2 protein chains.
Amino acid sequence: MKRITVKDLAKHLLLSTSTVSRALLNDKNIHWETKKKVLAAAKELGYKRNSAAASLKYGQSKNIGFVVPEMVTPFSSKVLRGVQEVLYPLGYRVIVTVCDEDPQRERENLLLLEEFNVDGIIINLCDESKNHDIYQQLIDQGIPLVFFDRTPNESLNVSKVLIDNFFYASDMMEHLVDQGRKKIVHIMGPPSLRNSQDRAKGYEEVMDKHGIYDPALIIEVEGLGFEDGKKAIKTLMDQKIDFDGIFAFTDTLAIGAMNYLLENGVKIPNEVSMGSFSGTELATMVYPQLSSVEPPLEQMGEEAARLILEKIKNSDIDCRDIFLKAELKIRSSSSL
Amino acid sequence: MKRITVKDLAKHLLLSTSTVSRALLNDKNIHWETKKKVLAAAKELGYKRNSAAASLKYGQSKNIGFVVPEMVTPFSSKVLRGVQEVLYPLGYRVIVTVCDEDPQRERENLLLLEEFNVDGIIINLCDESKNHDIYQQLIDQGIPLVFFDRTPNESLNVSKVLIDNFFYASDMMEHLVDQGRKKIVHIMGPPSLRNSQDRAKGYEEVMDKHGIYDPALIIEVEGLGFEDGKKAIKTLMDQKIDFDGIFAFTDTLAIGAMNYLLENGVKIPNEVSMGSFSGTELATMVYPQLSSVEPPLEQMGEEAARLILEKIKNSDIDCRDIFLKAELKIRSSSSL
DNA sequence: AAATATTATGGGAACGCTCCCAATTTTATG
DNA sequence: CATAAAATTGGGAGCGTTCCCATAATATTT
């Protein structure tokens, strides 16, 4: 039951701990035969490296924090997968925290991770304006941050991995216009997110370009839940505002909206064409399937992980932004 | 930039490290005034406890593994929330791994967690027959396991937290029968899961009891994805098997089936009534909303966390099973 | 054959923390 | 006032690794 240590191995093999350690770490200053012997004994006796001791020695915890706003959508877990793909083989542990779109909770999570002595944090923020001080504090403490998807403004010197929201929003909008839609509603995300603003800008520009822009068609939403999407469309319909298309900030909002329409017998896409941003299975799990802009989420995680490793290895390295290409997936919610 | 240690604090305060440590750990053998002084200095100088050192000293890593089959559904993340609710305040880190319903991958994840020196593992298994040896090996090594939802057979001496699948399957089936359905299909999960069998048993018993049992209505599915549910119903319909109700093993299967029906113009619930097992937002995100048995997932996580703590504290403690109550949620997929 | 370079091993300090065991001071007790 | 008991502090070992610095053994060069 007692754990086998390097010392135990050394005693068993009549070698020094140094030599045993060398064998275990694949050091070159060791005879290949003794290395083989050590490895054999390690296996036989069931030696397991004590990572706490190693961490202490190396001065690194080998823990990386992963901070996300929600996990009801597979969005974060797809990114997480990418992150783990890169970090797990290197012996890094990933610690996940979820804040439910609550900045206060995000704050607590970050503090918790600090307590956990993480070597770095990969984060998708939930409110651009709220936790700036903590971000800065962590950076000052030497804990590198890498943001993905929802990123903070430029005043923070961090690396980011993201997509061009303006560009892809325009792309989706052009598609909806192509479908002959003129009264396209925008369910806009909270203005506290850069992404909301960028996507809204894409919406506006395309509407404007085609001379069909109408501010009454933009409805701003407080939360990002399913219910918020529902409520948004209910509000519009209660106001008897007429529309033939919807471009929603996220898939959750879109699906909420979609359900409200279906409940009220509105045909999709015949009467209303819908498009959104997603990147997850969610878009294909609803009926009709949701057209959406799909960022390469797993890759996003991988890139974020690589950036954080870069920063851990060398803290003076320059921060950089990685822009990823997304895909416009046209499904039955927008075209017959 | 250099981290402040206990030694630094001691030097700064002209105290011994012992005293400083005592203050930090809230030891009673210390004068309240010195404790106050130490805490003040710690705050001022930005002392952060090195958890690796503490772990080394205590002989525990304070890492708990969380092993789940999937994360596209919010199922696991709801359980995870419960787990974290209990463990984070106690300074435990939770390390998440996902195996995508692949036993081999689950195996690798468990080995990885072993490598990470976790103090215990909370797991929802993906195949009852496959990784028994690893489970046993981990237990033998003194790493306690606690299973939730999908649990192994009795030969493994572990604690479990689960619901009575047979009972709730019967419950849901009675409801469907109450709706006047007679030709109820069962989309049965893989037989490698006890849950599949138990729910199937509930289905059979109710069908039998009402004299409407027909083995042709049971369709066994290989995977647990969305597409598998679709395929199952497609197969039935291609065979021109008539049915007026569906009881599916999980919400994902149900939703796949539902979409196939909708694509083919079948009215739900008018022509086909549907019910399933869920416990997540997924059931309310689709249209029509899915009737389902809802286990208290967050509580499941909390209980699992408490069980693992119990085991960590005292490894000789008896294993026990905790049965939780679920709720039968009737929604529009099954009743008008 | 002597000198140097190379290879393989051992000894032991250090990482930061906790906690046992004194040592000292203060307080209570007879 | 002497003695015991309690309260407070300090010294320092040890948790399991790694790695620097010897030392010893072998190989290579003059």
Side-chain angles (χ1 to χ4, degrees), chain A residues 1-39 41-42 45-63 91 93 114-119 141-142, chain B residues 1-39 41-42 45-63 91 93 114-119 141-142:
Chain A
M1 198 66 172
K2 198 228 155 218
R3 280 182 70 122
I4 302 291
T5 72
V6 170
K7 244 183 235 168
D8 297 329
L9 283 180
K11 206 182 298 172
H12 180 255
L13 292 162
L14 303 175
L15 285 170
S16 72
T17 59
S18 328
T19 313
V20 172
S21 175
R22 266 186 283 258
L24 262 16
L25 292 177
N26 235 323
D27 194 296
K28 57 189 170 307
N29 295 317
I30 192 176
H31 197 86
W32 62 272
E33 260 179 328
T34 52
K35 188 204 287 190
K36 222 171 78 178
K37 261 185 261 174
V38 172
L39 294 180
L45 301 185
Y47 169 76
K48 292 275 137 53
R49 181 184 201 246
N50 182 323
S51 55
S55 282
L56 176 58
K57 182 69 198 178
Y58 285 130
Q60 292 200 346
S61 71
K62 288 261 182 178
N63 289 145
R93 290 171 283 250
E114 187 190 352
E115 203 93 343
F116 284 173
N117 293 132
V118 294
D119 293 335
Q141 249 166 77
Chain B
M1 198 67 172
K2 199 226 155 220
R3 281 182 68 120
I4 301 292
T5 72
V6 170
K7 239 183 243 169
D8 297 330
L9 282 180
K11 204 182 301 173
H12 179 256
L13 292 161
L14 302 175
L15 285 170
S16 72
T17 58
S18 328
T19 312
V20 173
S21 175
R22 265 186 283 259
L24 262 16
L25 292 176
N26 234 323
D27 193 298
K28 57 189 171 308
N29 296 318
I30 192 176
H31 198 87
W32 62 273
E33 260 180 328
T34 53
K35 188 202 289 193
K36 222 171 78 179
K37 262 186 260 172
V38 172
L39 294 180
L45 301 185
Y47 169 76
K48 291 275 138 53
R49 180 184 202 248
N50 182 323
S51 55
S55 282
L56 176 58
K57 181 69 197 178
Y58 283 131
Q60 292 200 346
S61 72
K62 288 261 183 180
N63 289 145
R93 290 171 283 250
E114 187 189 351
E115 203 93 345
F116 284 172
N117 293 133
V118 293
D119 294 335
Q141 249 167 77

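Within every chain, numbering begins at 1; the chains are lettered A, B, ... in the order of the sequence lines, protein sequences first and strands thereafter. In this text, all values refer to a predicted model and were calculated from it rather than measured experimentally.
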Count the heavy atoms belonging to other residues, nucleotides or ligands that lie under 6.0 Å from NZ of Lys48(A), then report whether that count exceeds 12. yes

How close or far is atom [atom2] of [N] from atom [atom1] of [X], stated in whole angstroms?
X        : N       : atom1 : atom2 : value
Gln60(B) : dT18(C) : CD    : P     : 14 Å
Asp8(B)  : dA14(C) : CG    : C1'   : 15 Å
Asn26(A) : dC19(D) : CG    : P     : 13 Å
Lys37(B) : dT8(D)  : NZ    : C1'   : 12 Å
Leu56(A) : dC19(D) : CG    : C1'   : 14 Å
Lys28(A) : dT6(C)  : NZ    : C1'   : 13 Å
Arg22(A) : dT17(D) : CZ    : P     : 15 Å
Leu14(A) : dG10(C) : CG    : P     : 9 Å

Base, sugar-phosphate or nothing for [X]? Non-hydrogen atoms, less than 4.0 Å.
X        : answer
Leu24(A) : nothing
Leu9(A)  : nothing
Arg49(B) : sugar-phosphate
Thr5(B)  : sugar-phosphate
Lys48(A) : sugar-phosphate
Ile30(A) : sugar-phosphate
Asn50(A) : sugar-phosphate

Measure the shortest side-chain to side-chain distance between [X] and [Y] over non-hydrogen atoms and say whether it is less than 4.5 angstrom.
X         : Y         : answer
Leu24(B)  : Leu9(B)   : yes
Leu45(B)  : Asp8(B)   : no
Ile30(B)  : Thr19(B)  : yes
Leu56(B)  : Asn50(A)  : yes
Asn26(A)  : Lys35(A)  : yes
Gln141(B) : Glu114(B) : yes

Result for 5'-nearest mapping on DNA chain D, choosing between Trp32(B) and Ala53(B), is Trp32(B)

For Val6(A) and for His31(B), find the nucleotide of DNA chain D with the closest heavy atom, then tell me which residue's nucleotide is more 5'. His31(B)

Taking only N and O in the side chain of [X], is any of them less than 4.0 Å away from OP1 or OP2 of [N]?
X        : N       : value
Ser21(A) : dT17(D) : no
Lys7(A)  : dC15(D) : yes
Tyr58(B) : dG16(C) : no

Does any N or O donor sit under 3.5 Å from an N or O acceptor when you compare the side chain of [X] with the base of [N]?
X        : N       : value
Ser16(A) : dG11(C) : no
Thr17(A) : dG16(D) : no
Lys57(A) : dT17(D) : no

Of all the choices, [options], which nucleotide is nearest to the side chain of [X] once you look at every atom?
X        : options                   : result
Leu25(A) : dT18(D), dT9(C), dC20(C)  : dT18(D)
Leu15(A) : dG16(C), dG10(C), dT9(D)  : dG10(C)
Tyr47(B) : dC17(C), dG10(C), dG10(D) : dC17(C)

Between Ala52(B) and Ser18(A), name the one whose nearest nucleotide on DNA chain C is closer to the 5' end. Ser18(A)

